[in-house]
Amino acid sequence: MAGLNGRAPGPVTVGATVLLQVGVLAYLGLYLWRQVAGQSPGGPGWELWAYLVTVAFLPAVALIWAREERTRWSTFVLSVAAFTVAVMAARSAQIWYGVGFG
């Protein structure tokens, strides 16, 4: 809504993205812990880790963008990054549990 109202990233949008980044790092840590504990993904491991590494960088890059370019478009970048993280996290779970692999 902030982007549609023409607002640059503010404390709420930036704060939400920082919380997202913390959550993503915890998510990455969970998968790392699972693998260290001896579990393995149902799908290709390289694909899982490609998703996880990418999803770990997305909020950080969006935050850098928002800091450097203080326009309404940066607010849209933050929201697109959050949506992309959600989709990629869901796909990571599918890879882990082997959903969609025959």
Side-chain angles (χ1 to χ4, degrees):
M1 293 304 297
L4 292 175
N5 290 329
R7 292 190 215 138
V12 173
T13 53
V14 170
T17 308
V18 168
L19 286 175
L20 177 65
Q21 180 68 50
V22 170
V24 163
L25 292 176
Y27 189 73
L28 180 76
L30 173 69
Y31 279 102
L32 183 62
W33 179 76
R34 284 176 169 180
Q35 288 233 285
V36 169
Q39 298 177 16
S40 61
W46 65 268
E47 187 177 6
L48 173 71
W49 286 101
Y51 271 91
L52 291 174
V53 168
T54 302
V55 84
F57 282 109
L58 275 173
V61 171
L63 285 167
I64 291 169
W65 183 318
R67 188 188 62 177
E68 295 298 319
E69 182 185 325
R70 308 262 324 145
T71 65
R72 69 183 257 172
W73 298 109
S74 297
T75 306
F76 286 118
V77 168
L78 293 176
S79 63
V80 168
F83 177 76
T84 305
V85 164
V87 171
M88 292 183 78
R91 181 64 185 135
S92 297
Q94 287 178 337
I95 294 168
W96 181 266
Y97 293 108
V99 176
F101 298 99

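In what follows, residues are counted from 1 in the order of the sequence shown.
The aromatic rings of W73 and F76 sit tilted, their planes meeting at an angle between 30° and 60°.
Once rounded to the nearest 0.5 Å, the distance linking OG of S74 with CZ of R67 reads 11.5 Å. A distance of 10.5 Å separates OH in Y31 from CD in Q39, rounded to the nearest 0.5 Å. Rounding to the nearest 0.5 Å places CG of L58 at 6.0 Å from OG1 of T84.
Using modelled atom types, one side-chain atom of Q21 and one backbone atom of A60 make a donor-acceptor pair closer than 3.5 Å.
Both Y51 and L32 are part of a single hydrophobic cluster, where members link through side-chain heavy atoms under 4.5 Å apart. A continuous path of Ile, Leu, Val, Met, Phe, Trp and Tyr side chains, each step under 4.5 Å between heavy atoms, connects I95 with Y97, placing both in one hydrophobic cluster. V87 is not connected to V99 by any chain of hydrophobic side-chain contacts under 4.5 Å among Ile, Leu, Val, Met, Phe, Trp and Tyr, and they are in different clusters. Note: the hydrophobic cluster containing L25 does not contain V61 (ILVMFWY, side chain heavy atoms under 4.5 Å, direct or indirect links).
Contact of the E69 side chain with the V77 side chain is not registered, since no non-hydrogen atoms from C-beta on lie closer than 4.5 Å. You'll find the side chain of R34 reaches within 4.5 Å of the side chain of L30, heavy atoms only. Side-chain contact between L52 and Y27: present, with at least one pair of heavy atoms (C-beta onward) separated by less than 4.5 Å. Counting heavy atoms from C-beta outward, P41 and Q35 have side chains that approach closer than 4.5 Å. When side chains are defined from C-beta on, V55 does not count as touching S92, because their heavy atoms never get closer than 4.5 Å.
Nearest heavy atom pair, residue L78 against residue L63, reads CD2-N, 4.0 Å. Annotation for V24 and P59: closest pair CG2-CG, 4.3 Å, computed over non-hydrogen atoms. Closest non-hydrogen pair, P9 versus T71, comes out as CD-O, 3.3 Å.
More than 12 heavy atoms of other residues, nucleotides or ligands lie within 6.0 Å of CH2 in W49, so this atom counts as buried by the packing criterion.
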